[in-house]
Chemist: 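The structure that follows is given in the form of structure tokens.
Owing to the predicted nature of the structure, the values given are computational and were not obtained by experimental measurement.
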Amino acid sequence: MLLTGCGGSDTSKNVSGDKPEADQAASTATPLTLDTAPRRAHYTDRGKKAHELTLHPTLLELGSAEDLKDVRLDDDVRGMVPHYLTVSITNTGSGEVQSAQVVNNFRLALADGTAGERVSFFSSNPLASPGSGPLETCNGTKAPSALTAGQAATECRVVMLPKGTQPATVSYSDDSGIQMWKVEGGDTGSSVLPSDKPAEVTWKDARDKEVPLTVTPKSVRKAGPDALADYKLNARQKAATAHFVTLQYRNNGTSKLYPGMDRAVFLRTASGQTLRPLTLIAIGSNGPKGCESSVPYGMVQPGKSVRQCGVYLVSKGDKPVAVTFSSTADGAEPVTWKAS
């Protein structure tokens, strides 16, 4: 059996034609309570053709690490726990729609916006007995490759999440925006700081020297409707809601520092999106009104601080839940704060 992560990495499992007797006693999965209300979506396929859909999650189950005990996993998912997400898709339009492309738009996320890692399984021995555990059952649920007008189908996907956590949302995203369904009892994940708590990190300067920094989030604010009126945006960007994210950085080192820390700040949303700052070009400006950065024209001197504001575009139906800062220091873990 071949396990392929959505990030493109592959791991493998060698499966014999006959399962050992111990594997015949299938493990069970625990259903989680979630909203399953059908929602309408306007999906645009790769050929730029629009489709009307009705979709929703029908079942979400918590699996066990034992479900994957014989699978050789990549480091990025090792130690995580499988969740089995079953979704329903109905083609309520007039044309044919590729169901696999639609299913790939579903996500599972923690309350701090940490998205689950989707994985797929392909049998290396098609003659082998499939088994009856939750992993095999989920993997055996396949929607037709294409749905004609009025046709409905369900499909199950395996999503990996950190051990000891519970998802907060199931989401679906396309060009029309975000649809979300709440999962009862969702967790924020571990090591999430309060929205205004300073964090001590290190940052590599232009000479690859590590400089100690104090990073303090100051605000996450929804911008006004005309906040980006002076900038050229495409239709999708105009449909999103701009948010201003401001952080303060204090240089605690002994050498000057170029103020490029804003490129390491990301905004995570309830649907599991990780957003990069929008690149805005305006000669003679420190940023949009309400999101100006107090960045010096030179370097940040030892003992001095700067404030930097970034613009992030949040899709319709979504909301910010966390801010992260990824240090350039070797081996450093990202710092995460709740979005104020």
Chemist: Decide whether Leu68 and Met80 are clustered together by the hydrophobic rule: side chain heavy atoms of Ile, Leu, Val, Met, Phe, Trp, Tyr closer than 4.5 Å, transitively.
Modeler: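 Yes; Met80 is reachable from Leu68 via cluster members.
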
Chemist: What closest approach, in Å, do Arg118 and Phe106 show between heavy atoms, and which atom pair accounts for it?
Modeler: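 Scanning both residues completely, I find the closest heavy atoms to be NH1-O, 2.8 Å.
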
Chemist: Please check if the side chain of Ser219 supplies one atom and the backbone of Arg221 the other of a donor-acceptor pair under 3.5 Å.
Modeler: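 Side chain of Ser219 to backbone of Arg221, a donor-acceptor pair under 3.5 Å: no, none is there.
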
Chemist: Would you find a donor on one side and an acceptor on the other, under 3.5 Å apart, between the side chain of Ser88 and the backbone of Thr154?
Modeler: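 Not at all, since once roles are kept as given, no pair shorter than 3.5 Å links the two residues.
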
Chemist: Applying side-chain hydrogen bond (donor to acceptor under 3.5 Å, both in side chains), name anything that partners Arg236, two or more places apart in sequence or on another chain.
Modeler: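 side-chain hydrogen bond (donor to acceptor under 3.5 Å, both in side chains) list for Arg236, sorted by chain: Asp175.
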
Chemist: Testing the basics here: between Val81 and Lys163, what is the closest heavy-atom pair and its distance to 0.1 Å?
Modeler: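 Looks like CG2-CA, 3.8 Å.
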
Chemist: Is the closest side-chain heavy-atom distance between Gln273 and Ser173 below 4.5 Å?
Modeler: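 Yes - at least one pair of side-chain heavy atoms lies under 4.5 Å apart.
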
Chemist: Nearest 0.5 Å please: distance from the CG atom of Leu60 over to the OG1 atom of Thr86.
Modeler: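 Here the interatomic distance stands at 8.5 Å.
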
Chemist: Minimum heavy-atom separation for Ala227 and Pro288, please, with both atom names.
Modeler: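 For Ala227 and Pro288, the tightest heavy-atom pair comes out as O-CB, 3.7 Å.
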
Chemist: Locate the shortest heavy-atom distance separating Ser99 from Ile89; write the atom from each residue and the value.
Modeler: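 Taking every non-hydrogen atom into account, O-CD1, 4.1 Å.
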
Chemist: According to a 4.5 Å side-chain heavy-atom criterion applied to Ile, Leu, Val, Met, Phe, Trp and Tyr, with indirect links allowed, do Leu110 and Leu32 form part of one hydrophobic cluster?
Modeler: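 Result: yes, single cluster for both.
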
Chemist: What is the minimum heavy-atom distance between Gln98 and Ser145, and which atoms define it?
Modeler: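 Residues Gln98 and Ser145, closest heavy atoms: OE1-O, 3.1 Å.
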
Chemist: Tyr84: which residues meet the side-chain hydrogen bond (donor to acceptor under 3.5 Å, both in side chains) condition with it, sequence neighbours left out?
Modeler: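 Applying side-chain hydrogen bond (donor to acceptor under 3.5 Å, both in side chains) to Tyr84 gives Asp67.
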
Chemist: Honestly curious: do Leu247 and Leu257 fall in one hydrophobic cluster under the side-chain, below-4.5 Å linking rule?
Modeler: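 Hydrophobic grouping puts Leu247 with Leu257.
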
Chemist: So, Lys182 and Glu184, do they make that salt bridge, N to O below 4.0 Å?
Modeler: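 No, no charged N to carboxylate O under 4.0 Å.
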
Chemist: Charged N to carboxylate O below 4.0 Å: is that the case for Asp208 and Lys204?
Modeler: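 Looking at Lys204 together with Asp208, the answer is yes, because their closest N to O distance falls below 4.0 Å.
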
Chemist: Between Glu210 and Trp203, is there a side-chain heavy-atom distance shorter than 4.5 Å?
Modeler: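 Answer no - side chains too far apart.
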
Chemist: What pair of heavy atoms forms the shortest contact from His56 to Trp181, and how long is it?
Modeler: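 Smallest interatomic distance, heavy atoms only, reads CA-CZ2, 3.7 Å.
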
Chemist: A quick test of your reading: do over 12 heavy atoms of other residues, nucleotides or ligands sit less than 6.0 Å from NZ of Lys218?
Modeler: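 More than 12 within 6.0 Å, yes.
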
Chemist: Among pairs that include at least one residue of residues 254-270, which meet side chain to side chain donor-acceptor pair (under 3.5 Å), considering only residues two or more places apart or in two chains?
Modeler: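 Only Asp112-Arg268, Thr114-Arg268, Thr269-Ser271, Thr269-Asp318 qualify under side chain to side chain donor-acceptor pair (under 3.5 Å).
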
Chemist: Using a 3.5 Å distance criterion without hydrogens, assess whether the side chain of Thr169 forms a donor-acceptor pair with backbone atoms of Ala270.
Modeler: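 Side chain of Thr169 to backbone of Ala270, a donor-acceptor pair under 3.5 Å: yes, one is there.
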
Chemist: Please name the residue in the list Thr44, Asp45, Asp174 that meets the side chain to side chain donor-acceptor pair (under 3.5 Å) test with His51.
Modeler: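 Testing each of Thr44, Asp45, Asp174 against His51, the sole residue satisfying side chain to side chain donor-acceptor pair (under 3.5 Å) is Asp45.
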
Chemist: Show, in sequence, the C-alpha distance, side-chain angles and deciding distance for Thr214 and Tyr249, and conclude whether the side-chain contact (heavy atoms from CB on, under 4.5 Å) test is met.
Modeler: CA-CA 6 Å; Thr214 299; Tyr249 308 91; over 6 Å; no

Chemist: With sequence neighbours left out, what residues match Gln151 under side-chain hydrogen bond (donor to acceptor under 3.5 Å, both in side chains)?
Modeler: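 Partners of Gln151 under the side-chain hydrogen bond (donor to acceptor under 3.5 Å, both in side chains) test: Thr148.
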
Chemist: Should Met160 and Leu59 be counted in the same cluster of Ile, Leu, Val, Met, Phe, Trp and Tyr side chains packed under 4.5 Å apart?
Modeler: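 No; Leu59 is not reachable from Met160 via cluster members.
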
Chemist: Under a 3.5 Å distance rule, please check whether Asn234 uses its side chain to pair with a backbone N or O of Lys238 as donor and acceptor.
Modeler: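 Flag not set: sc Asn234 to bb Lys238 has no pair under 3.5 Å.
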
Chemist: For Asp35, enumerate each residue passing the side-chain hydrogen bond (donor to acceptor under 3.5 Å, both in side chains) test, keeping only those at least two apart in sequence or located in another chain.
Modeler: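 For Asp35 the side-chain hydrogen bond (donor to acceptor under 3.5 Å, both in side chains) partners, ignoring immediate neighbours, are Arg39.
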
Chemist: I'd like to know if the side chain of Gln308 and the backbone of Pro259 have a donor-acceptor N/O pair within less than 3.5 Å.
Modeler: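 Checking the backbone N and O of Pro259 against the side chain of Gln308, a donor-acceptor pair under 3.5 Å is found.
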
Chemist: Using a side-chain heavy atom cutoff under 4.5 Å and only I, L, V, M, F, W and Y, what cluster partners does Ile178 have?
Modeler: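 Met180, all in the cluster of Ile178.
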
